[in-house]
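These notes concern the structure reproduced below.
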Amino acid sequence: MYNINSLKAEEFICDKEIQDTLLYAEKNKNNTALIKEILLKASKEKGLSHREASVLLACNDVSVQNEIFALAKKIKEHYYGKRIVMFAPLYLSNYCVNGCVYCPYHRGNNGTVRRKLTQEEIRREVIALENIGHKRLAIEAGEDPVNNPIEYILESIKTIYSVHHKNGDIRRVNVNIAATTVENYRKLHDAGIGTYILFQETYHKESYKKLHPTGPKSDYAYHTEAMDRAMEGGIDDVGLGVLFGLERYAYEFAGLLMHAEHLEAVHGVGPHTISVPRIRPAEGIDTDSFSNGIDDDTFAKICALIRISVPYTGMIISTRESQSVRERVLSLGVSQISGGSRTTVGGYDSQEFEDDGSEQFDINDRRTLDEVVKWLMELGFIPSFCTACYRKGRTGDRFMSLCKSGQIGNCCHPNALMTLMEYLEDYASDDTKAVGMKLVEKELINIPSERIRKLAEEHIEKIKAGSRDFRF
């Protein structure tokens with residue numbers, strides 16, 4: 001039975017509830033009065049239930065879709081303004097004991113070159129990332145208790161934080177590793193991580209079993225209940241996501257929102273981020289065998305509906321997607337993107353690993369970070385390298401209360417401008433710097449508080465003179 005407050009996976013992600021929701025959505029997809037009521041509720045910017053959102057997803061009326069897109073744009077700007085947070089993935093190891101059939105890291109794939117970074121190699125990777133301007137990383141590693149034990153992850157985090165090269169430093173490490181124990185989540189919390197990220201891949205239990213035939217990840221309940229254990233272990237911020245293309249998108253969409261509702265109900269804090277990856281070609285993986293792919297229009301609609309359903313969450317899109325797709329969804333809800341990414345183990349420091357068979361998936365957007373930053377600014381967005389909330393203790397319910405009230409922008413707008421100025425001074429090409437200086441000057445006047453605006457202007461002048469790391 002469906003129970004939003006239960007800690008059992010099959011009760012807070014209840015198959016019958018999802019199936020009933022999909023039937024309800026199909027039945028009401030042309031119910032004009034109901035759809036109008038749902039859109040009115042969405043316009044109040046307090047979110048939608050999984051059932052309400054599923055009705056909008058099922059509706060094919062063009063005018064309704066246009067209203068969904070307009071609402072998503074409005075809500076995104078209200079909660080996040082023009083800021084787009086920048087990050088990069090850092091792959092530590094592709095050793096893995098799982099048998100996930102969609103991932104080239106699965107243990108039976110002999111075509112994948114296995115590699116695990118030493119701490120010295122991690123240090124060189126971090127220097128390479130700092131040299132192009134990154135301040136925030138998401139570390140990735142396969143599940144392997146021998147090659148990638150929690151002690152290795154913790155040591156790697158310590159190494160990353162210890163590297164300070166010229167004006168560069170990594171100020172926040174997010175972690176995307178396999179589901180683990182409460183004790184290990186406490187260790188990650190104590191190591192000073194930002195967000196713990198774990199993709200569900202699919203919420204459909206039977207499909208999950210087929211897609212994960214062997215290894216620890218084959219335990220659906222243990223995997224699905226990971227976020228509850230993470231929060232019990234003291235991690236305030238968690239990130240959800242499904243891999244669109246593995247199962248029917250409407251099913252995954254409903255399950256994803258149910259998971260967000262569950263976290264909010266039980267812990268008082270919903271997901272800090274929601275990622276929206278689509279399955280991509282990879283070494284040794286036949287992506288044609290997955291028949292649930294979604295087109296770009298459907299993908300855009302899903303992004304918009306996540307934004308209006310969970311208005312406070314950060315939304316992440318990676319270099320899996322093309323420049324054109326990423327551009328389309330930036331205004332529909334996405335608030336974080338990667339730039340200059342490598343999905344190979346050791347791919348930042350050495351180009352020799354670029355095509356050696358250790359890549360997790362094919363990158364679609366291969367532009368440099370500088371090119372992505374310039375592109376964002378030319379679109380009117382503010383690339384942000386800010387990590388202030390983590391270091392000021394604005395995590396979990398403290399972040400959410402500020403975000404939901406709309407007050408987080410009073411901190412984030414000037415912080416984004418100051419970290420952008422750091423990037424422009426230290427790493428930007430001449431063309432990018434020229435665009436950025438005009439943007440910073442223009443956006444400073446949009447800081448509502450005169451006191452904060454004056455302080456931000458003073459800090460920016462100090463940044464130009466060589467000082468770093470100011471934050472509100």
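Numbering starts at 1 and runs along the sequence shown. What's counted below: heavy atoms across the whole structure, side chains too, no hydrogens, waters or symmetry copies.
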What one should report as the nearest heavy-atom pair of Met227 and Tyr196 is SD-CD2, 3.8 Å
Would you confirm whether Ser6, through its side chain, and Lys8, through its main-chain N or O, come within 3.5 Å as a donor-acceptor pair?
-> yes
Rounding to 0.5 Å, atoms CD1 (Ile122) and CG (Leu129) come to a distance of 11.5 Å
Can you name the one residue among Glu201, Glu252, His259, Glu247 that meets side-chain contact (heavy atoms from CB on, under 4.5 Å) with Val242?
-> Glu252
Taking all non-hydrogen atoms of both residues into account, name the closest pair between Leu420 and Pro383 and its distance.
-> CB-O, 3.6 Å
How would you list, by chain and number, every residue that makes a salt bridge (charged side-chain N to carboxylate O under 4.0 Å, His left out) with Arg124, sequence neighbours excluded?
-> Glu120, Asp349
Could you please spell out the steps behind the side-chain hydrogen bond (donor to acceptor under 3.5 Å, both in side chains) verdict for Asp236 and His189?
-> CA-CA 9 Å; Asp236 289 334; His189 170 265; 5.6 Å; no
Is Leu256 close to Ile274 at the side-chain level, that is, under 4.5 Å between some pair of heavy atoms?
-> yes
Any donor-acceptor pair under 3.5 Å linking the side chain of Asn98 with the backbone of Cys100?
-> no
Please determine which of Arg366, Arg326, Arg328, Arg278 meets the salt bridge (charged side-chain N to carboxylate O under 4.0 Å, His left out) test together with Glu321.
-> Arg278
Would you indicate whether Arg123, at its atom CZ, is surrounded by more than 12 heavy atoms from other residues, nucleotides or ligands within a distance under 6.0 Å?
-> no
Name the orientation class of the two ring planes belonging to His204 and Tyr251 (parallel below 30°, tilted from 30 to 60°, perpendicular beyond 60°).
-> tilted
Go through the steps to decide whether Asp469 and Arg471 satisfy the test salt bridge (Lys or Arg N to Asp or Glu O under 4.0 Å), and finish with yes or no.
-> CA-CA 6 Å; Asp469 201 14; Arg471 58 185 182 274; 3.3 Å; yes
Using 4.0 Å as the upper bound for N to carboxylate O, is an ion pair formed by Arg468 and Asp426?
-> yes
Could you tell me whether the side chain of Arg114 and the main chain of Tyr105 form a donor-acceptor pair under 3.5 Å?
-> yes
Side chain of Lys76, backbone of Val334: donor and acceptor closer than 3.5 Å?
-> yes
CA sep, side-chain torsions, deciding dist, call: Asp365, Ser322, side-chain hydrogen bond (donor to acceptor under 3.5 Å, both in side chains) | CA-CA 5 Å; Asp365 187 348; Ser322 67; over 6 Å; no
What do the steps show when you test Glu143 against Lys217 for salt bridge (Lys or Arg N to Asp or Glu O under 4.0 Å), and what is the final call?
-> CA-CA 8 Å; Glu143 184 170 13; Lys217 194 171 178 176; over 6 Å; no
Scanning both residues in full, the closest heavy-atom pair of Ala416 with Ile382 reads CB-CG2, 4.0 Å
Student check: side-chain heavy atoms of Glu130 and His164 closer than 4.5 Å | no
Less than 4.5 Å apart, any side-chain heavy atom of Thr344 and any of Tyr91?
-> no
Ring centers of Phe87, His134 separated by less than 6.0 Å = no
Regarding Arg136 and the six-membered ring of Phe385, is the cationic atom NZ or CZ under 6.0 Å from the ring centre and inside 45° of its axis?
-> no
Flag the pair Tyr249 / Ile302 as yes when at least one side-chain heavy-atom distance between them is below 4.5 Å, and no otherwise.
-> yes
Check Val238 against Ala230 and note the closest heavy-atom contact, atom names and distance.
-> CG1-CB, 4.2 Å
Residue Glu378 excluded, over 12 heavy atoms near CD under 6.0 Å = yes
List the steps and the verdict of ring pair (Phe, Tyr, Trp, His ring centres under 6.0 Å) for His272 and Tyr312.
-> CA-CA 8 Å; His272 187 71; Tyr312 56 81; 9.5 Å; no
Could you give the distance from OG (Ser275) to CD (Gln200), rounded to the nearest 0.5 Å?
-> 13.5 Å
Just checking, any donor-acceptor pair under 3.5 angstrom between side chains of His212 and Asp219?
-> no
Using atom types as modelled and distance alone, determine if a side-chain donor or acceptor of Asp144 lies under 3.5 Å from a backbone N or O of Val146.
-> yes
Say whether, by atom type as modelled, one donor and one acceptor occur between the side chain of Glu125 and the main chain of Tyr348 under 3.5 angstrom.
-> yes
Is Tyr80 reaching over with its side chain to a backbone N or O of Gln336, donor-acceptor style, under 3.5 angstrom?
-> no
Would you check if Leu330 and Leu379 make a side-chain contact, meaning some heavy-atom pair closer than 4.5 Å?
-> yes
With a distance cut-off below 6.0 Å to the six-membered ring centre and an angular limit of 45° from the axis, does Lys209 pair with Tyr220 as a cation-pi contact?
-> no
Without swapping roles, check the side chain of Asp370 against the backbone of Ser429 for a donor-acceptor pair under 3.5 Å.
-> yes
Quick one: pull up OG in Ser207 and CG in Asn292 and give me the separation to the nearest 0.5 Å.
-> 7.5 Å
Within a strict 4.5 Å, meaning less than it, do heavy atoms of the Arg307 and Thr313 side chains meet?
-> yes
Test item: Tyr427 and Leu369 side chains (from C-beta on) under 4.5 Å apart, heavy atoms = no
Got more than 12 heavy atoms from elsewhere within 6.0 Å of NZ, Lys73?
-> no
Indicate yes or no: at least one non-hydrogen side-chain atom of Ile316 is less than 4.5 angstrom from one of Ile337.
-> no
Identified side-chain contact (heavy atoms from CB on, under 4.5 Å) partner of Ile460 from the options Glu458, Glu457, Lys462, Lys464 = Lys464
Any donor and acceptor pair, going by atom type alone, linking the side chain of Ser338 with main-chain N or O of Ser341 inside 3.5 Å?
-> no
